[in-house]
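What follows is one structure encoded as structure tokens, with my remarks underneath.
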There are 2 protein chains.
Amino acid sequence: MKELVFGHKNPDTDAIVAAKAFAYLQNQLGGNVEAVALGTPNEETKFVLANFAEDAPRVVEKVSEEVEEVMLVDHNEAQQSVDDIKDVTVTHVVDHHRIANFETSAPLYYYAEPVGCTSTIIFKLFKQNEVAVPAKLAGLMLSAIISDTLLFKSPTTTPADELAVKELAKIAGVDYETYGLEMLKAGTNLASKSEKELIEADAKSFEMGGKTVRIDQVNTVDLDEVFAREAALRSAIEEESAANGYDLFLLMVTNILDSNTRLLVVGEPKDVVEKAFDVKLNDDKAELPGVVSRKKQVVPPLEKAF
Amino acid sequence: MKELVFGHKNPDTDAIVAAKAFAYLQNQLGGNVEAVALGTPNEETKFVLANFAEDAPRVVEKVSEEVEEVMLVDHNEAQQSVDDIKDVTVTHVVDHHRIANFETSAPLYYYAEPVGCTSTIIFKLFKQNEVAVPAKLAGLMLSAIISDTLLFKSPTTTPADELAVKELAKIAGVDYETYGLEMLKAGTNLASKSEKELIEADAKSFEMGGKTVRIDQVNTVDLDEVFAREAALRSAIEEESAANGYDLFLLMVTNILDSNTRLLVVGEPKDVVEKAFDVKLNDDKAELPGVVSRKKQVVPPLEKAF
């Protein structure tokens with residue numbers, strides 16, 4: 001029976017690549033799996049796909065009309081998944097995030113590890129199952145790991161991520177350091193984007209303390225260039241929050257060169273944000289030195305403060 | 001930093017053994033992990049521990065006073081775990097059940113597969129990590145797999161479970177068929193137990209449709225012997241339900257020789273039970289031919305009916 005595999009909404013490079021990699025692995029093991037996506041590729045992912053001459057996956061909005069069973073990669077929380085996730089059975093999850101708002105009625109395959117990238121885990125699964133990674137897929141997978149770990153600068157990086165990139169680089173024949181920096185810069189081309197695009201491109205929703213918290217991350221090489229557009233960004237956030245019922249919106253603007261984040265907070269409760277990061281908001285903003293990871297450095301303290 | 005690992009409340013053989021096996025593996029890999037239990041061994045587990053000259057694990061009621069981090073085996077749902085589970089961080093889960101009522105604030109190691117027994121998965125992890133299973137532990141692990149799969153008669157049994165038992169039997173030097181039947185019969189010594197013991201020995205709680213559903217399973221070689229005590233069992237169930245706030249109590253009495261279950265239903269809503277199994281209750285009872293697995297044949301249809 002055919003299954004679909006996909007990463008989270010607002011797909012980043014890992015969400016797209018991990019789906020492709022897991023579909024390839026499952027098909028090699030005798031499955032009938034198609035990788036799809038819950039959105040179109042972002043600038044960085046477009047650069048990656050073009051670099052390795054790979055097509056973008058088909059974009060789906062619903063899945064229950066075409067399959068009964070699905071596999072999730074790079075996410076598990078229902079609000080980050082396909083809209084009709086409740087109408088299908090999840091048979092497999094491969095992920096590297098916390099587990100929340102996820103429930104099944106039957107046992108399933110679930111493999112998560114606290115590493116920097118889903119593609120790192122999938123590379124392990126290729127090895128465990130003694131399936132070779134084709135050169136093109138190796139290039140895609142190392143791109144995903146470099147993207148998620150910001151070329152090993154993120155504190156989410158583990159030795160397993162570095163090892164995977166090095167082994168995959170040999171298979172793909174890629175100088176990963178030169179290529180990786182080029183790729184990350186391609187993803188920070190912000191000037192061409194509207195404010196609405198900026199605040200939605202890498203945004204995820206979380207349920208915390210009964211509130212809907214939306215957290216977006218924008219990578220840049222120049223914080224001031226982004227905050228020159230602060231007023232317009234605020235308006236866009238207020239508009240999106242009103243339209244979608246977000247109580248609290250955190251915009252993380254992260255400088256990938258020096259690994260610092262400036263936070264812009266719109267909505268309530270703001271005191272919870274101050275408590276979470278032990279900062280005083282100044283005009284709704286705060287500097288978070290050394291913070292680059294939403295998953296490891298923003299969600300857990302915020303969750304705890306709620 | 002020291003961690004504790006434990007299986008679910010009302011431990012069965014897998015809950016006790018999987019904790020011991022996972023602790024052994026983690027310690028071999030450089031961890032500092034102690035296997036404990038959320039209750040004393042049942043008759044079957046006592047037989048197993050005595051047979052392999054192994055001590056019962058220390059029983060704990062709370063864990064947060066002695067550790068900050070824990071590992072769960074053979075369960076994930078909070079109501080089946082230690083009472084103060086919310087006060088500690090779960091770093092590892094190895095399980096073979098559905099995922100529900102489980103939430104973390106940070107990424108973790110989570111490995112689940114839809115196989116018959118947690119010890120089967122842990123045996124795979126020994127292999128992946130190239131750690132040898134000592135003979136005594138092999139005997140314990142094959143006991144857990146035979147217990148959970150009712151010597152491969154349960155529909156939860158997979159080829160991986162059978163293969164694991166065969167390989168472990170070689171390591172332990174055990175004739176698993178003869179030993180397994182003897183072990184299962186040791187677990188069905190019901191005459192010596194009070195009604196309260198019978199309805200609690202292997203009981204688990206589930207949240208379904210806002211109701212607290214309690215499902216107990218009693219294995220026997222003679223259904224009529226158990227139902228000769230029906231009136232006393234009903235009184236015990238009513239008393240326990242009132243004391244603990246169970247809305248609905250399902251007592252599965254399973255004949256392990258012919259793999260059939262007779263169900264006794266106390267509490268409400270009973271119509272959901274009739275819908276779930278497509279049966280008409282007769283004096284609150286129903287025959288469920290071929291049903292031996294709570295996890296695979298009782299929880300999913302009940303969940304669906306709710």
Side-chain angles (χ1 to χ4, degrees), chain A residues 69 72 74-78 86 89-118 120-121 124-125 127-130 148 155-156 158 160 206-209 276 293-306, chain B residues 69 72 74-78 86 89-118 120-121 124-125 127-130 148 155-156 158 160 206-209 276 293-306:
Chain A
E69 298 183 335
L72 311 184
D74 199 28
H75 75 297
N76 66 83
E77 303 191 38
K86 295 281 176 217
T89 300
V90 178
T91 64
H92 292 66
V93 178
V94 182
D95 192 17
H96 68 129
H97 295 89
R98 71 169 190 159
I99 300 178
N101 199 9
F102 179 78
E103 186 160 323
T104 66
S105 60
L108 74 163
Y109 177 96
Y110 198 112
Y111 187 20
E113 278 199 54
V115 295
C117 181
T118 310
T120 300
I121 303 172
K124 280 194 188 186
L125 294 175
K127 286 185 171 183
Q128 274 174 27
N129 289 285
E130 295 176 358
D148 267 15
T156 58
T158 67
F206 300 86
E207 301 299 324
M208 295 184 190
S293 168
R294 168 170 48 199
K295 187 175 61 166
K296 199 148 183 165
Q297 298 171 298
V298 174
V299 171
L302 202 58
E303 170 94 349
K304 207 170 173 185
F306 267 103
Chain B
E69 298 184 333
L72 311 184
D74 199 30
H75 76 295
N76 66 83
E77 304 192 38
K86 295 282 177 219
T89 300
V90 179
T91 64
H92 292 68
V93 179
V94 183
D95 192 17
H96 67 129
H97 295 90
R98 71 169 191 159
I99 299 177
N101 198 9
F102 179 79
E103 187 158 323
T104 66
S105 60
L108 75 163
Y109 177 95
Y110 197 114
Y111 187 21
E113 278 200 54
V115 295
C117 181
T118 310
T120 301
I121 302 172
K124 280 194 187 187
L125 294 176
K127 287 186 172 183
Q128 274 174 27
N129 289 284
E130 295 176 358
D148 267 14
T156 58
T158 67
F206 300 86
E207 301 298 323
M208 295 183 189
S293 168
R294 168 171 48 198
K295 186 175 62 166
K296 198 148 185 166
Q297 298 172 298
V298 173
V299 171
L302 201 58
E303 171 94 347
K304 208 170 172 184
F306 266 101

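Letters A, B, ... are given to chains in the order of the sequence lines, protein chains preceding strands, and every chain is numbered from 1.
Rounding to the nearest 0.5 Å places NE2 of His96(A) at 3.5 Å from OG1 of Thr118(A).
Summarising the geometry of Lys124(A) relative to Ala160(A), their closest heavy-atom pair is CE-CB, 4.4 Å, with the distance given to 0.1 Å. Summarising the geometry of Tyr109(B) relative to Pro114(A), their closest heavy-atom pair is N-CD, 3.7 Å, with the distance given to 0.1 Å.
When side chains are defined from C-beta on, Asp148(A) does not count as touching Thr156(A), because their heavy atoms never get closer than 4.5 Å.
Under the side chain to side chain contact (heavy atoms under 4.5 Å, CB included) criterion, Lys127(A) pairs with Phe123(A), Glu167(A), sequence neighbours left out. Scored by the side chain to side chain contact (heavy atoms under 4.5 Å, CB included) test, Gln128(B) finds Gln128(A), Tyr111(B), Leu125(B) as partners (sequence neighbours excluded).
Near-neighbour residues of residues 294-303 of chain A relative to chain B, defined by a heavy atom under 4.5 Å from a heavy atom of that chain, comprise Lys295(A), Val299(A), Pro300(A), Glu303(A). Residues from residues 97-105 of chain A that place a non-hydrogen atom less than 4.5 Å from a non-hydrogen atom of chain B comprise His97(A), Arg98(A), Ile99(A), Ala100(A), Asn101(A), Phe102(A), Glu103(A), Thr104(A), Ser105(A), given in numerical order.
Top candidate by heavy-atom pairs under 4.5 Å with chain A, chosen from His92(B), Glu113(B), Lys304(B), is Glu113(B).
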Item to check | Working for side-chain contact (heavy atoms from CB on, under 4.5 Å), residues Leu72(B) and Asp95(B) | outcome: CA-CA 8 Å; Leu72(B) 311 184; Asp95(B) 192 17; over 6 Å; no
